[in-house]
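The next block holds one structure in the form of structure tokens; read it before the comments.
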Amino acid sequence: MSAAPVISSGSNQFLSLSRKFHRCSAFRGRAGSLDFSLAPVTSSEGESGRKPERPRGRRRKIRRNRAAAVSVAEPALSSNSRHQAVTARSSGASSRRFFRGIEGLKSNERLHRLVREGELDDGLRLLEGMYRRGEIPDIIPCTSLIRGFCKLGETRKAGRVLRIIEESGASPDVITYNVMISGFCKLGETDNALRVLDRMSVAPDVVTYNTIFQSLCERGKLERAMEVLDGMLQRGCLPDVFTYTILIEATCKESGVGQAMKLLDEMRSKGCKPDVVTYNVLINGMCKEGRVDEAIRFLSYMPTYGCNPNVISHNIVLRSMCSTGRWMDAEKLLEDMVQKRCSPSVVTFNILINFLCRKGLLGRAISVLEKMPEYGCTPNSLSYNPLLHGFCKEKKMKRAIEYLEIMVSRGCYPDIVTYNTLLTALCKDGKVEVAVEMLHQLGSKGCSPVLITYNTVIDGLSKVGKTETALELLEEMVVKRLRPDIITYSSIVAGLSREGKIEEAIRIFHELKNLSVRANAITYNAIILGLCKLRQTDRAIDFFAYMVSRGCMPTESTYTTLIEGLAYEGMAKEALDLLNELSSRGVVKKNSMQNVVVSI
DNA sequence: ATAGGGTTAG
């Protein structure tokens, strides 16, 4: 960015500005249709892999019991090594081989102990030694070792353990393989999981396959999953309800409910009976496609398929009714549920409360919340938070605090979202100091601030000219290992711009590249606004050009800011011309610029 | 293997 020449009014300058604009190629079409490929502008926080972990208690218990049974009956000898010791003796083998067997027994005992104590790396080291000496390891501690390493994300070490088992002459069983495969899958290494599947020395079971299907489908690789299904059928392994349900869900997402229904037929024809989850997945698919009425009909047919809908079936439909504004239907469905003795859950009520709050019907939301105990449901933070948010939005802080106290008095403790909501309201209310104070007291209330918490307060500070303090909070969050994102930096850049500290704003802006944070239109707009306010419209236009060259799509406020900048510098006619041109291209709505036009 | 996931920047 070169130093900006001082611009005086005059149409010559405007011509050159205008040419600059045209060179930016943003005018070749509407704002929404730049003719070169644009990287996504929105921040890609997306999902953070936070599916609640399913309790696997039952299966684990069985496994543990089996391990326990072995070690109780034969404290030092597992089936594997006992077999070896016996053959070594009975075949009259050399004493060296016999002793190696004895050493192996001792090593396995130590391996068991290390794994039990969680000393995984020591366990692996011992295992390597055993492998070198030709001792045969027990697969049970080895399987635990694989599971442990996978939990730590160290799939490489887990894979090494599996290799050692395979090459040492011990035979891994299907459980060992399943642990390895599920480890790879959980960490997103589906290709590695498939490689293990291919080289398995024992037949994979339905659990093996389901783990892989789950992982493939989560990553949108339905086609690959269907190929694996073919392989499964060829090997004579029978799919179960889980298998089909996973595949049906993915099919709903990728090819629509129509396709998914065909899979349902296939499932039935193979003698596999769909259960309530299978049907719920389909109902969800219908709702997502906007076919709510079809979903309602399906719900009522379910009993004739030999399967009664459950709370979740109803909740899916309920949510869909609410979001399409069919409030009366939703209330009726709730009545139906109660009548059919399908008790509503907290989720049922939270769906209703959420949508009432969004519509601003806080009174009705409260009456729903207060009725929950009659149905045996206790409101949780997801019940109270939308209500607090509603009060805050209406600037009824008193009522918000009142309800905060009510929730606490009922034993429902505020969570980080509750606090974030309150912090937002405090900042908007000009009580930023209070917000900072509250932020720092969160820890003592057993609730740690998250990225959004800091973003909220940093933005609040930046808005009232306290970017100094905002920058301190930025430091603080980094120390707490929270990674600032584009929202954090946009707030700070905007704050600096507003204060006229444009050079510092630009410096931080350029730092973003090193931090691998991608600037978006909001960040650019903040700088452009700062430059315009300093009457450096020329630099602002340079920056606009830079924005486009970096593949960031300008927004309406990018343009309005620039038009205002021109007007502000006294180039009234130019501003008007540009406004006319942009509005004729549909990039800027004229009525959104009424004040500017009037001021000119 | 299915439902609620709410709160932050122009």
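Quick note on labels: first sequence line is chain A, next is B, and so on, each numbered from 1. Computed from a prediction, not measured in an experiment: that's the story for all the values here. Atom set for the values below is all heavy atoms of this structure, side chains included, hydrogens, waters and symmetry mates excluded.
Looking at residues two or more places apart in sequence or on another chain, you find a side-chain contact (heavy atoms from CB on, under 4.5 Å) between A:Ser583 and A:Lys590. For A:Arg291, the salt bridge (charged side-chain N to carboxylate O under 4.0 Å, His left out) partners at least two apart in sequence or on another chain are A:Glu289, A:Glu294. A:Lys262 pairs by the salt bridge (charged side-chain N to carboxylate O under 4.0 Å, His left out) definition with nothing, not counting sequence neighbours. Taking A:Glu331 as the reference, A:Arg364 meet the salt bridge (charged side-chain N to carboxylate O under 4.0 Å, His left out) condition, with sequence neighbours excluded. Scanning for side chain to side chain donor-acceptor pair (under 3.5 Å) contacts around A:Asp293 gives A:Arg326, with sequence neighbours left out. Here A:Asp240 pairs with A:Val206, A:Asn210, A:Phe242, A:Thr243 under the side-chain contact (heavy atoms from CB on, under 4.5 Å) rule; sequence neighbours left out. In terms of the ring-ring contact (aromatic ring centres under 6.0 Å, His included) criterion, residue partners of A:Phe509 (sequence neighbours excluded) are, by chain and number, A:Tyr524, A:Phe543.
Proximity of residues 342-353 of chain A to DNA chain B (heavy atom under 4.0 angstrom from any strand atom) is restricted to A:Ser345, A:Val347, A:Asn350, A:Ile351. Taking a 4.0 Å limit (strictly below) on heavy-atom distances, residues 367-382 of chain A reaches DNA chain B at A:Asn380, A:Ser381, A:Leu382. Residues from residues 305-317 of chain A that place a heavy atom under 4.0 Å from any atom of DNA chain B, listed by number: A:Ile312, A:Asn315, A:Ile316. Within residues 457-476 of chain A, the residues that have a heavy atom under 4.0 Å from DNA chain B are, in order of number, A:Asp459, A:Lys463.
Distance CG (A:Asn284) to C1' (B:dA3): 7 Å, rounded to an integer number of Å. Across the protein-nucleic acid pair, A:His389 atom NE2 and B:dT7 atom P stand 5 Å apart, rounded to whole Å. Atom CD1 of A:Ile212 and atom C1' of B:dA1 are 16 Å apart (whole Å). Computed from coordinates, the A:Glu556 CD to B:dG10 C1' distance equals 12 Å when rounded to whole Å.
Which of B:dG10, B:dA1, B:dT8 sits closest to the side chain of A:Asp275 comes down to B:dA1.
For the pair A:Ser490 (side chain) and A:Ile487 (backbone), a donor-acceptor distance under 3.5 Å is absent.
In A:Tyr305, the OH atom is crowded: over 12 heavy atoms of neighbouring residues, nucleotides or ligands sit closer than 6.0 Å.
For A:Lys288 and A:Glu249, the salt-bridge test fails: no basic side-chain N is under 4.0 Å from an acidic carboxylate O.
The base of B:dA1 is not paired with the side chain of A:Asn280 by any donor and acceptor separated by under 3.5 Å. Donor-acceptor pairing under 3.5 Å, judged by distance alone, is present between the side chain of A:Thr555 and the base of B:dG10.
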Show me the donor-acceptor pairs, under 3.5 Å and distance only, between side chains in residues 454-461 of chain A and residues at least two apart or in other chains.
residue  : atom : partner  : partner atom : Å
A:Tyr454 : OH   : A:Glu476 : OE2          : 2.7
A:Tyr454 : OH   : A:Lys480 : NZ           : 3.2
A:Asn455 : OD1  : A:Thr488 : OG1          : 2.6
A:Asn455 : ND2  : A:Asp485 : OD1          : 3.2
A:Thr456 : OG1  : A:Ile452 : O            : 2.7
A:Asp459 : OD1  : A:Ser491 : OG           : 2.9
A:Asp459 : OD2  : A:Lys463 : NZ           : 2.6

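Dashed line: the shortest gap from a side-chain N or O of A:Arg319 to OP1 or OP2 of B:dG4 is under 4.0 Å.
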